Enquirer: 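Questions regarding the structure given below will be posed in turn.
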Amino acid sequence: MIHTLIDFVNDHLQMIYILLLAVFIGLEVIKNIPAVLHTPLMSGANALSGVVIVGAILVMLHADPNNYLALGLGFIAVVLGIVNVVGGFAVTHRMLQMFSKKKI
Amino acid sequence: MNTVLSLVYLLATGTFIAGLKMLGHPETAKRGNLIAALGMGMAIAGTLLLHTLEVPVFVYALIVTAIVLGGIIGWLIAVKVEMTKMPELVSLFNGFGGASAALIGLVAYGNTATDTSTAIMATIIAGVIIGSTTFSGSFVAWAKLNGSMRSTISLPKYNLINNLVALGILLFGTFLVWTGTDNLLYLYLLALAALVYGVLFVIPIGGADMPVVISLLNSLTGIAAAITGILYDNMVMLVGGILVGSAGLILTFAMCKAMNRSLSNVIFGGFGEAVSSERGAKVAGHIKKTSPSDTAVLMNYADNVIIVPGYGLAVAQAQHVIHEMETLLTDRGVNVRYAIHPVAGRMPGHMNVLLAESNVDYDKLIEMDDINPQFVHADVVLVVGANDVVNPAAHNDPSSPIYGMPILEVENAKHIVVNKRSMKPGYAGIENELFYHQKTAMLFGDAKAALTDLVSELKNM
């Protein structure tokens, strides 16, 4: 178990570095946000978490074409993921539209 | 992986970071959202078109169908939904994201079952656990917010049970990784257990704390996406997921701070139930009723009026009427402003969105810290459908569950008019002594109906 862990760290060292830095970017980017924007921000971040859609597409591309269960589940995964992405961005846009209307 | 695709992913990741950053500033927020959306579109198109796998045409057709179908559904929901339903919607979308992550794990497991290394097993299992938990948890949060589930449900010894279930899932997951089993049934069992855990996790948390929970679950979906990214060595998923994970966590803490509660208090506190039973009878006194015409007179001859909008205003769809009233009063020389509590509505910033929707001037929305010293100079404070955010118990009753929460200090004003449907306690389920205050007059009725009456009375003056 320890060995596989060390191997994993060795094989994915670059990825671990990226992961670490991404955590800090995420924390920094969100600092000092006015409360007004919390709701759109949460909704926008939610849309971004829909990036799982990429994985859902990949899993379907990798699936054995004769494995209908895998294709079926993958299909649902793509649908749900894209609902999250499209719905998330669209609703965030709608919210922000209301703010910008005021500025004119 | 081919170079063009790597570049597309790199570019998409850049748009995510830039987009998220821009979303944090009022002037650039809209552009930030569009940029991130563009990046996401690129990542999706790139994944679909730029790969080196041999894939039969019908699989392509399936994927495209799924994208078109899901895209239409997502778009329709987003365009049709009322702004008051925003927290529920975010929760629902988030649940979909979690479900997607869990399903990916289940399918990937079948795909790679022949050559599963321990590391791959571990990522798949982590993805399934986190994805399933977020999915069911988000649905409970959604049901609580839209009222189809009671806002406070207390299970006996839920902390102990929840922790045991969580521990059991972790042990089971570790066991699966350890044995490297290729029996899919075990994985389905694990997913099922995680689904149950998601429900158990959210059920004891009070309805008022749901935004915090949603934000936390949102952060978890990001982590699930990042884990799936590790599985496929996919940078856009890894970085995108982690960004959402850490940003979501910060947002969660910001919300907790606005409510003056710690995260562990929200999750393990079991807000409401135990405490409210020993209270309740404590607040008693005389209630003074008022009528729309009396209120209209009061406000018409005031110099300073502050409106405190709450979620009750939103559910009654009264944000347009209140704007009409505000314009009428302003035209007559009354200085009208809105006091916005950080958690007014159901999420921080939710009330700003709702009032912006009905064209209320941005400059009239004053945040809590700026408006609190102004209440002393206010002749009339009109509280519409707000309750816990104006409850003085937060200041002077240490036994109250909301003790220490920052509130709008409306009790300093000369006159207070509270519009409510009934004397029913607010979302936190606690009594409000403000309603029994000698300066307070109650204007009972649905917010929209009451405000419409007020407006017509004002027009007659």
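Proteins come first, then strands; the chains are lettered A, B, ... in the order of their sequence lines, and each starts at number 1. Just so it is clear, the structure is predicted and the values come from calculations on it, not from any experiment.
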Enquirer: Checking heavy atoms, do the side chain of B:M40, its backbone, both or neither come under 4.5 Å from chain A?
Expert: side chain
Enquirer: By a 4.5 Å heavy-atom criterion (distance strictly below it), what part of A:D64 contacts chain B: side chain, backbone, both, or neither?
Expert: backbone
Enquirer: List the steps, then state whether side-chain contact (heavy atoms from CB on, under 4.5 Å) holds for B:I230 with A:L19.
Expert: CA-CA 10 Å; B:I230 296 177; A:L19 199 131; 4.2 Å; yes
Enquirer: So which residue, A:V79, A:L69, A:V83, A:I25, ends up with the most heavy-atom pairs under 4.5 Å with chain B?
Expert: A:V83
Enquirer: What's the shortest heavy-atom distance between B:A78 and A:R94, and which atoms?
Expert: O-NH1, 2.7 Å
Enquirer: Hey, which of B:V79, B:L69, B:L92 has the most heavy atom pairs under 4.5 Å with chain A?
Expert: B:V79
Enquirer: Based on non-hydrogen pairs under 4.5 Å, which of B:S215, B:A102, B:G19, B:G32 is most in contact with chain A?
Expert: B:S215
Enquirer: Which value, rounded to the nearest 0.5 Å, describes the distance between A:H93 atom NE2 and B:K30 atom NZ?
Expert: 5.0 Å
Enquirer: Can a donor-acceptor pair be found, under 3.5 Å and without considering hydrogens, that links the side chain of A:T39 to the backbone of B:H350?
Expert: yes
Enquirer: Apply the test side-chain contact (heavy atoms from CB on, under 4.5 Å) to residues B:I67 and A:I57: give CA-CA distance (whole Å), side-chain angles for both, the deciding distance (0.1 Å), then the verdict.
Expert: CA-CA 9 Å; B:I67 291 179; A:I57 295 173; 4.1 Å; yes
Enquirer: Over all heavy atoms of both residues, which pair between B:T47 and A:V54 is shortest? Give the atoms and the distance, please.
Expert: OG1-CG1, 3.5 Å
Enquirer: Nearest 0.5 Å please: distance from the CG atom of B:L34 over to the CZ atom of A:F89.
Expert: 9.5 Å
Enquirer: Hey, does A:L96 have a side-chain heavy atom less than 4.5 Å from the side chain of B:L23?
Expert: yes
Enquirer: Shortest non-hydrogen contact from A:I30 to B:A247?
Expert: CG1-CB, 3.2 Å
Enquirer: Looking only at heavy atoms and a cut-off of under 4.5 Å, which of A:A47, A:A63, A:G50 has the most pairs with chain B?
Expert: A:A63
Enquirer: Taking side chain as everything from C-beta outward and backbone as N, CA, C, O, which of these in B:H51 sits under 4.5 Å from a heavy atom of chain A? Side chain, backbone, both or neither.
Expert: side chain
Enquirer: Most heavy-atom pairs under 4.5 angstrom with chain B, which of A:V78, A:L27, A:L41, A:L61?
Expert: A:L61
Enquirer: Which one, B:N218, B:L243, B:V90, leads in non-hydrogen pairs under 4.5 Å with chain A?
Expert: B:N218
Enquirer: So, for B:A101 and A:V52, which heavy atoms are closest and what is the spacing to 0.1 Å?
Expert: CB-CG1, 4.0 Å
Enquirer: Before you tell me yes or no, could you show the steps for B:I63 and A:F75 under side-chain contact (heavy atoms from CB on, under 4.5 Å), namely the whole-Å CA-CA distance, both residues' side-chain angles and the distance that decides it to 0.1 Å?
Expert: CA-CA 7 Å; B:I63 298 176; A:F75 183 85; over 6 Å; no
Enquirer: Which of the residues B:G131, B:G97, B:A37 is involved in the greatest number of heavy-atom pairs with chain A at under 4.5 angstrom?
Expert: B:A37
Enquirer: Taking A:N84 for the side chain and B:N94 for the main chain, is one N or O donor matched with an acceptor at less than 3.5 Å?
Expert: no
Enquirer: Pick from B:I17, B:L48, B:I77, B:T228: which one has the most heavy-atom pairs with chain A under 4.5 Å?
Expert: B:I17
Enquirer: Which bit of B:V55 is near chain A, if near means a heavy-atom gap under 4.5 Å: side chain, backbone, both or neither?
Expert: side chain
Enquirer: Quick one: pull up CE in A:M95 and CE in B:M86 and give me the separation to the nearest 0.5 Å.
Expert: 4.5 Å
Enquirer: What's the separation between atom CG in A:L58 and atom CG in B:D233, rounded to the nearest 0.5 Å?
Expert: 11.0 Å
Enquirer: Against chain A, work out which of B:V353, B:T221, B:V239 has the most heavy-atom pairs shorter than 4.5 Å and name it.
Expert: B:V353
Enquirer: So which atom in A:P65 and which in B:V59 form the shortest heavy-atom distance, rounded to 0.1 Å?
Expert: CB-CG2, 4.5 Å
Enquirer: Which atoms of A:A70 come close to chain B, meaning under 4.5 Å heavy atom to heavy atom: side chain ones, backbone ones, both, or neither?
Expert: both
Enquirer: Restricting to non-hydrogen atoms, name the atom on A:V86 and the atom on B:G71 that form the minimum distance, rounded to 0.1 Å.
Expert: CG1-O, 3.5 Å
Enquirer: Between B:I340 and chain A, which part of the residue has a heavy atom less than 4.5 Å away: side chain, backbone, both or neither?
Expert: neither
Enquirer: Kindly determine whether A:I82 and B:V68 satisfy side-chain contact (heavy atoms from CB on, under 4.5 Å), including the steps that lead there.
Expert: CA-CA 9 Å; A:I82 202 86; B:V68 172; over 6 Å; no
Enquirer: Under 4.5 Å heavy-atom distance to chain A, tell me which part of B:E367 shows up: side chain, backbone, both or neither.
Expert: side chain
Enquirer: Below 4.5 Å from any heavy atom of chain B, which atoms of A:L21 appear? Answer side chain, backbone, both or neither.
Expert: neither
Enquirer: Quick check on B:V81 against chain A: is it the side chain, the backbone, both or neither that has a heavy atom closer than 4.5 Å?
Expert: both
Enquirer: With a 4.5 angstrom heavy-atom cut-off, could you sort out which part of A:V23 is near chain B: side chain, backbone, both or neither?
Expert: both
Enquirer: Count the heavy atoms belonging to other residues, nucleotides or ligands that lie under 6.0 Å from OH of B:Y188, then report whether that count exceeds 12.
Expert: yes
Enquirer: Nearest 0.5 angstrom please: B:F96 CZ to A:N46 CG, how far?
Expert: 11.0 Å
Enquirer: So which part of B:L89 gets closer than 4.5 Å to some heavy atom of chain A, the side chain, the backbone, both or neither?
Expert: side chain
Enquirer: Can you tell me how far apart OG (B:S219) and CE (A:M42) are? Round to the nearest 0.5 Å.
Expert: 11.0 Å
Enquirer: Just checking B:F58: does its CZ atom have more than 12 heavy atoms from other residues, nucleotides or ligands closer to it than 6.0 angstrom?
Expert: yes
